[in-house]
Structure formats: structure tokens, C-alpha cells
Amino acid sequence: MNGDGTVYARKLRKSYGDRVVLGSIDLDVRCGEIVCIIGPSGSGKSTLLRCIDGLEEVDRGILRVNGEDLGFVETDTAYRARNRKEVAMQRTRMGMVFQQFNLFPNMTARENVMAGPVLVKGAAKKAAASRADSLLADVGLAGHGDHYPWQLSGGQKQRVAIARALAMDPNVMLFDEPTSALDPERVGEVLAVMKGLAERGMTMLVATHEMGFAKEVADTVIFMDGGVVVEQGPPAEVLGNPKEPRTQKFLAQVL
Amino acid sequence: MAPDVGVLNKSPSEEAKAMDATDKPRLHRRGPLEYAAWAACVLVGAGLAHTLVTNENYQWNVVGQYFTAPTILQGLRLTIVLTFLAMFFGTILGMVIAVMRASTIRPVQLLASGYITFFRGTPVLVQLIFWFNIAALYPNIAVGIPFTGISQAVDVNVLMSATTAAIIGLSLNEAAYLAEIIRGGFASVDKGQIEAADSLGMSARKKLFRVIIPQAMPTVVPATGNQVIGMFKETSLVSVLGVAELLQSTQLIYARTYQVIPLLIVACLWYLIMTLALSYPQSLIEKRYSLVRSRVSNEANEALVDPVPMGGEAR
């Protein structure tokens, strides 16, 4: 049951009708590795993360998260869907942070962080509440537990969302453009929390437009365009000395 | 005269000097159309009041006489009970149908859609008469425990009294409308909320009760309040089945006394009073939930509210 914090993919393919959103993706993410996925909007980076979180289903290919086939079990001729409980179990071992935060507006910050442990894992409320408070303190929001999402700034909301994901003790954290919906002056506080998480050895996949963050924190940078991985490697190579013309063009536009 | 003129001439200019131009209110013109509209409305109002008072056929004394007659009050009570029961059963069934409608299982979804289409697509009055006469379709139903042989035949004619038919008819019809309202509430919940719940691994049940329903409430509750008010008036339809609710009670009296108009006025006044009485809590509910809604969705508030950590502003 213990996840090993890896993500492994071979020839992941997905299309909506005729439109191919994931061409043929291969991924090898080690435990504790920080992978930043960059690329123009519509390049498939969000879809890739959403597939890894099981929010969307891939059409074909191998997808293993924490060493297990995600959502399906391999048989001789097919992948058979797992039952809901198993899928839910797999999901508890990953954390997802959304661009639009998606905090539950009917719950306080503390209740948001408690929601996973209490409603999914059946944790005791008291213990979950004190755990939630310490997680909120970790993301720099001590004392904000009783605030509702509408009382928080975008950056604060996103940090609550990170605490909510961490409350499930995930082995892999997925960030889907976590700072894209924030005011520029709020971006730093969220990136700082993510940096802290990276230093503690969490496996992280981050779809982002923050090239500075990618350069500083990532072990591997993946450049995606048109649903395929165009180039990948250490940030110094992909960002500093890109070989592919498409990467060069993209970086010239954003930097 | 001269000093007077002088005073008259002086005072406005003095006043004007006394008042700072930056503080002067801005006055708007009233066009002739506005005066004409006033006059017309006053005329219509006065005419109505005049005929209400002078036309003796209204028989206001009879209205007063029967306004709190026991038969009328009993009818009013039954109307209230019918409204409550129809809303109660309608809400429960409406919830079930709304959940079925949102199901990913196609036949379940189709069954719910079919229900909604049928009950919204046919008149309530026809449905009520239909339920009253259901015995013609199913004269006997056997109530029993399957595979045991224990069963009891029930005569549907006896079972389906006018009041039962009224409650069933109104509830089933209301369920269809409420199902649509609840479905609209579900649809108003942001897709991201469901994804967030999914990504935490929440079960379908938890997702429904902890995430979707609480957030659908601001849409559903005010609309349901409106339905209650509508239902209160809709119950008058069951008078055709002979259920002695408010309207039927007045009909029973005027069938005997021929004082049709004053008794219909009695019924109207009671409907009006009850509707107004229900509108007040309804408006409070609407206000409360629209507040919640604007809080939930108002991202612009962010800039205004900068929460201070607890206990931070004791002084």
C-alpha cells in the first residue's frame, strides 16, 4: 500500500474526437524528483497532470503512479477498471493543486484541510483539526483556520489548497498552474511554500509558466507542445541551452 | 412695498451665497408625462375604491360574517395541511429524481427525464382527476411480502379517497418541478469543486452531501420558497375532487346561500393573507442566500478583506 512516490508512463495517448491532446507521452519521475512542465497553453500539460490524478482517463498507454497502474489493472488483453474504493485509495496517495484553488466555499480553511482525512479516511475530528492547524502553520497561515475562502486572498487560498492536499499524506504532488490565477504580488508566497515542499523530498510535477521557479527548483524540465514532449532534461539544458527550435521559440516569447 | 421687494430680491441671493455651490443638491425635472401618469393612476385607484364601497353586490357584511366561519377556517386548515404534505413528499421525491437525473447510468437518467417530462407536460388538474380515478385502471392492488404467499388485496377505490388522490397528485407533480430546481442547483456548483472532491478520493455519497448539496442550497432554497407559495394557491385545484379545502368550503356555503361573490372574496382574502405571510420569510431567505452566494463567488472582495489573525484586533 505504501506509495513509492514515482510516476511512470509509456506511450500515453488521449484524444477528444479527432483532436489529439496527448500524443505519446513517456515519463519517468523518480521519488523526490521535481519536474516542471512548461509549454504554451493548449500544449497538453494540464491534461497530462489531470490524467495522472485520475480526473481524466487516458485512451491508451501505461500509467503507473506510486508503482501501481492508475485506476486500472492490467490483464492479458486489456486494462480493467478497478473498483471505486481502490481508485479512491490510489487518489489519497496523490495531492492535486488546481489553478482555481477549488477550495470548498462552504467550509473554513481548517475544515477544508480536514475534509480529506475526516470524510475520506475517517480520521477523528479532533486529531484532524489539530493536524490541519499545524499544516496551515506550515504554509504560513497560522491563525487563519476559521476564515472562509472568501475572506482569504488568492495566495492564501492557494496555500490552504496546498495544505488540504498535504493533509492526505500524498507521495506525489501535482500542481496545475498553481500561480496562474494569482495577482503578481501573491505569486512569491505560493512558490515559497512549494520550494519548501521540494526541499523536504516530495515528488512534484508542476505545470507552470514561472520560468524562474523551474530554473531554480526543478530537477527536470519538460517542454510540451501540441500534446507531445518536445524536449526534456535538466533546467540548465532545456531553459539555458534548448536544442529544439520549438523550445527556443517558446522561451524567446516568455523570457 | 419697496422694502419688501428688496427683501424678496435679497433673500434668495443671500441664501445662495450662504450655501456652498459644491454642496447643492441636484434636482431633476418632472416631465408632463409623469404628471399625467400620476393623474391617471389616482383616477383608476379612486374609481376602484368608489365601486368597492358603493356597489352593494359586494356584500361586505356577508364577507365579514363568513370570514372566520368555522367551515372556512377548517378549509383553510386543510389547505395548509395539503400544502405542507405536498411540499414534504414532493421535496423528498424531487431530490431522488434530481439525483437520478444527474446519474451517469443512462437508463436511470432516462427514467427520471421521462418522469419530469410527463408530470410537467400535463396539467395538474388532469393529473388530479386521473389519480382520483386510478381505480378504473388498477381496481385491486395486492400488498404482500414477495415469495411468501402472504398478501392482502386492497380495494383501490377505498384506498384512493379524494384527499389521498389530492396529496398524491400534488406531490408527484411538485416533485417534477422541484427535481428541475434541484438539478439547476447541482448545475450551479462549479465543476472544479467536484474535481477537488474527486482528487481527495471522496465517495459519491460524501461528494453529494458534503460538497454539492451545501453549495446548491443558495440556488435551491429561494426557488423552493416560491414553490411553496405557488403550491398554496395550487391546492385550490383539488376542490374539483370534492376535498373540503378553502375554496371548496366557500363553494359549499354559497351552494346553499347563493352568496357567490362575497364568499369568493373571503377565499381570495385568505389566499392573499397567507401568500403575503409566506412572502415575508421567503424574502428573508432570498436575501440571506443571495448574500451567501455573493460571498462565495465574489472574488473582488479579496482586496477589501484582509483578515487579521485571531485576537489581533482586540483593541
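These numbers come from the heavy atoms of this one structure, side chains and all, not from hydrogens, waters or symmetry mates. Chain naming here is simple, since letters A, B, ... match the order of the sequence lines and numbering starts at 1 in each. Worth saying up front: this structure is predicted, and the values here are computed from it rather than measured.
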For residues 190-210 of chain B, give me every residue with a non-hydrogen atom less than 4.5 Å from any non-hydrogen atom of chain A. B:Asp190, B:Lys191, B:Gly192, B:Gln193, B:Glu195, B:Ala196, B:Ala197, B:Asp198, B:Ser199, B:Leu200, B:Gly201, B:Met202, B:Ala204, B:Lys206, B:Arg210

For chain B, the option from A:Leu55, A:Val87, A:Asp53 that forms the most heavy-atom pairs under 4.5 Å: A:Leu55

Proximity breakdown for [X] and chain B, heavy-atom pairs closer than 4.5 Å:
X        : answer
A:Phe104 : both
A:Met94  : backbone
A:Leu103 : backbone
A:Arg164 : both
A:Met168 : side chain
A:Leu119 : both

Residue B:Met95 excluded, over 12 heavy atoms near CE under 6.0 Å: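 Atom CE in B:Met95 is not crowded, with 12 or fewer foreign heavy atoms closer than 6.0 Å.
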
CE (A:Met107) with more than 12 external heavy atoms under 6.0 Å: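 More than 12 heavy atoms, drawn from other residues, nucleotides or ligands, come within 6.0 Å of this atom.
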
